[in-house]
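Notes follow the structure.
Scope of the values below: all heavy atoms of this structure, side chains included, with no hydrogens, waters or symmetry mates. A, B, ... follow the sequence lines: proteins, then strands. Residue 1 opens every chain.
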There are 2 protein chains.
Amino acid sequence: MNIKTIARLAGVSVATVSKIINNYPDIGEETRQRVLKIMEETGYRPSSSAKTLATKKSNLVGVVFAGKLNVDFSHPFFVEVINAFKKQIGLLGYDLLFFSNEKFLDQGEDYLARSKYFQVDGCIIIAGDEVESSVSDLDASPIPCIGIDIEMNGQNSCYIMSDNEKISTKVVEQFYMNGYRDLGFIGLQRASLVMQHREKAFKQSLKQFSLEENPEWLVYSQDYAATDGYEAAKQLLQADVLPRAVFAATDLLAFGAVRAFKEAGLRVPEDIAVAGCDDIEACRYSDPPLTTVKQDTDKIGRLAAMILFDLMNKQMDNRCIKVEPELVLRRSCGTLLAYQ
Amino acid sequence: MNIKTIARLAGVSVATVSKIINNYPDIGEETRQRVLKIMEETGYRPSSSAKTLATKKSNLVGVVFAGKLNVDFSHPFFVEVINAFKKQIGLLGYDLLFFSNEKFLDQGEDYLARSKYFQVDGCIIIAGDEVESSVSDLDASPIPCIGIDIEMNGQNSCYIMSDNEKISTKVVEQFYMNGYRDLGFIGLQRASLVMQHREKAFKQSLKQFSLEENPEWLVYSQDYAATDGYEAAKQLLQADVLPRAVFAATDLLAFGAVRAFKEAGLRVPEDIAVAGCDDIEACRYSDPPLTTVKQDTDKIGRLAAMILFDLMNKQMDNRCIKVEPELVLRRSCGTLLAYQ
DNA sequence: CTGAAAGCGCTTACAG
DNA sequence: CTGAAAGCGCTTACAG
């Protein structure tokens with residue numbers, strides 16, 4: 001069942017049918033109705049590949065999970081962002097194509113090649129750690145790209161991320177307000193851009209409040225798992241004097257740290273306060289519930305869709321959008337004020 | 001840059017180039033090398049749409065989130081399944097197309113139409129609650145389909161789900177082994193197929209161990225949120241005698257129940273034991289850590305890929321595969337035996 | 001308001 | 001081992 005058959009059944013030309021499908025105005029109402037009826041009756045559906053071939057426009061957005069997260073997109077942050085993105089870009093008439101990296105990366109192919117192959121109209125690039133160099137080819141290409149948690153410099157690229165500096169600022173500020181003066185930090189050994197921002201801003205905030213930056217209170221986790229946070233916290237516990245409050249750069253690290261502190265006989269938050277970052281579901285049910293910072297994943301995803309849409313449909317300058325994070329207070333960060 | 005240009009540059013016909021691209025054996029080695037070199041130098045990439053148009057094969061698998069979950073695929077179960085599926089089907093040479101339901105469902109379009117439009121070679125259908133009727137059109141179509149947590153009857157369909165009966169059996173068995181005899185259940189008011197299985201098997205297991213099925217101990221949650229579980233548990237608390245252990249049909253419901261029990265002054269598990277189902281991340285960090293049943297999402301996803309592949313590439317009978325779940329013991333289910 | 005025809009970039013019998 | 005040509009199902013100037 002193709003456009004030719006419809007044309008024959010309706011006694012018109014394929015050009016006419018095509019115009020009706022695409023809502024051209026200059027078609028007789030009678031003809032339009034007749035053709036529409038036949039399309040309805042026959043259950044005719046146009047073919048995407050033929051349309052894409054003829055128009056060079058696929059109405060597809062390629063989804064790239066770059067770096068270490070490409071093998072696993074189960075992290076809640078990415079899922080929430082892509083979910084919001086999907087909804088919004090869907091409303092704008094685009095579907096999503098997920099490149100299955102496994103095979104083509106083996107064969108030395110790259111994202112740009114895949115994007116060309118499928119003629120996607122644009123790409124969203126969600127970055128984890130150790131992003132492959134092939135992403136920069138995509139960035140530099142004429143294909144519009146929107147990056148999440150990754151810096152993009154291409155002519156047709158923009159990028160979005162949470163204001164990661166503010167994340168640390170808010171935590172330090174809250175710790176300070178709660179009366180703590182000795183603050184520790186659990187960061188990552190091989191820090192991504194995002195993690196670098198958090199660490200830098202943590203140190204700057206200390207300065208701002210004239211708090212001591214004790215090197216013994218800055219420890220670095222091997223990786224992102226709770227067990228890595230556990231190990232890092234054990235290192236922290238070897239300091240001569242312990243910090244009074246600790247900001248772990250992610251919730252999972254925070255959970256690991258809490259476990260280490262408990263095992264060392266410390267009470268959280270009475271002896272040592274803890275805050276994390278991400279507001280994963282577990283924060284609400286942990287013991288104690290974890291104070292954390294919530295990234296506005298819904299806004300990030302939807303903004304990404306709107307900006308990519310603009311990028312695909314009109315000229316736009318490269319730029320970076322930062323989205324405001326939100327502090328979520330729970331029991332783990334305690335307070336000294338009640339004891340004063 | 002197209003196949004014609006490559007052919008011209010190499011001084012061969014487009015047919016020859018096409019054969020080289022597709023690894024036909026009957027090409028002179030010299031010619032092959034020359035053409036390959038030119039493709040390399042020019043950075044030529046074939047076009048998916050032209051290929052699909054010519055072959056009627058897209059190497060694309062459509063992903064359908066049916067029912068209430070189509071607006072939100074953030075539930076860990078679905079993410080984990082689709083993640084495993086993506087890896088495996090990627091290895092088999094397919095990419096994933098996510099239909100953006102939002103727009104086309106408004107317009108009264110359906111999954112089958114979208115699948116035809118994109119000429120996907122097959123579909124994976126992941127079902128939540130209240131699955132739309134349009135899914136059955138897909139099921140009945142010639143397009144190979146693999147269903148997750150949904151019954152499929154089409155000639156070219158198979159489906160996979162955890163052995164949900166076994167989930168309940170394992171929990172009841174464990175409760176029994178731990179010495180509990182008075183067992184309660186928190187189910188769902190409008191139960192999906194999966195939830196029906198869990199409830200049915202719960203009751204059957206009670207019989208098997210000659211335990212009492214007390215109607216007061218069977219309560220039903222409005223929806224899937226922890227707050228719904230909380231409400232259901234409050235109802236349970238009004239029973240004349242309380243059950244000694246409660247199986248909540250999902251972890252989130254279990255968390256809500258734990259909160260209700262705690263608020264009522266009960267200790268978990270000392271006064272009332274609780275088990276959930278799904279093994280979401282929060283189970284490890286909750287207070288107490290939650291005993292639960294883990295679905296083998298990795299196996300489900302990978303099996304789905306393998307079966308869909310077979311369905312797409314050869315004849316196969318419709319059938320249902322059940323995947324063994326695994327009990328994960330944590331503190332919340334306690335035990336009476338220590339007190340004996 | 002409608003249609004004939006070229007073109008999009010591939011594949012595939014078929015002929016040699 | 002290689003090539004000429006038809007065909008896949010659309011769109012789009014252009015002519016009328």
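- Across all strands shown, Asp26(B) has heavy atoms under 4.0 Å from base atoms, whether or not it also approaches the sugar-phosphate.
- The CZ atom of Phe98(B) lies 8.5 Å from the CD1 atom of Ile82(A); values are rounded to the nearest 0.5 Å.
- To the nearest 0.5 Å, atoms OG1 (Thr297(B)) and CZ (Phe77(B)) are separated by 7.0 Å.
- When the nearest nucleotides of DNA chain D are assigned to Arg34(B) and Gln119(B) by heavy-atom distance, the more 5′-ward of the two goes with Arg34(B).
- Taking 4.0 Å as the cut-off between side-chain N and carboxylate O, Lys37(A) and Glu41(A) count as a salt-bridged pair.
- In this structure, of dC10(C), dG3(C), dT2(C), it is dC10(C) that holds the atom nearest to the side chain of Ala50(B).
- If you take OH of Tyr24(B) and P of dA13(C), they are 8 Å apart, rounded to a whole angstrom.
- Asn22(A) places a side-chain N or O within 3.5 Å of a backbone atom of Ser18(A) that can act as its donor or acceptor partner.
- Set against dT11(C), dG9(C), dT11(D), the side chain of Leu53(B) has dG9(C) as its closest nucleotide.
- Note on Thr31(A): only backbone sugar-phosphate atoms sit closer than 4.0 angstrom, heavy atoms only; bases stay farther off.
- Pair assignment for dA4(D): none, as no Watson-Crick or G-U wobble contacts are both less than 3.5 Å.
- Contact annotation for Ser49(B): no contact, since no heavy-atom pair falls under 4.0 Å across all strands.
- Base pairing of dA13(C) is not made with any nucleotide, judged by Watson-Crick or G-U wobble geometry with both donor-acceptor distances under 3.5 Å.
- Counting non-hydrogen atoms under 4.0 angstrom, Tyr117(B) reaches nothing in the nucleic acid.
- In the set dG3(D), dT11(C), dC10(D), the nucleotide with an atom closest to the side chain of Ser18(B) is dT11(C).
- Closest approach to the Lys56(B) side chain among dC10(D), dC8(D), dT12(D) is made by dC8(D) (side chain taken as heavy atoms from C-beta onward).
- Nearer the 5' end of DNA chain D, as judged by each residue's closest nucleotide, is the contact made by Gly28(B), out of Gly28(B) and Ala54(B).
- In this structure, the nucleotide among dG9(C), dT11(D), dA5(D) sitting nearest to the side chain of Val14(A) is dT11(D).
- A donor and an acceptor atom sit less than 3.5 Å apart, one in the side chain of Lys19(B) and one in the base of dG3(D).
- Salt bridge absent: Arg114(A) and Asp110(A) never bring a charged side-chain N and a carboxylate O closer than 4.0 Å.
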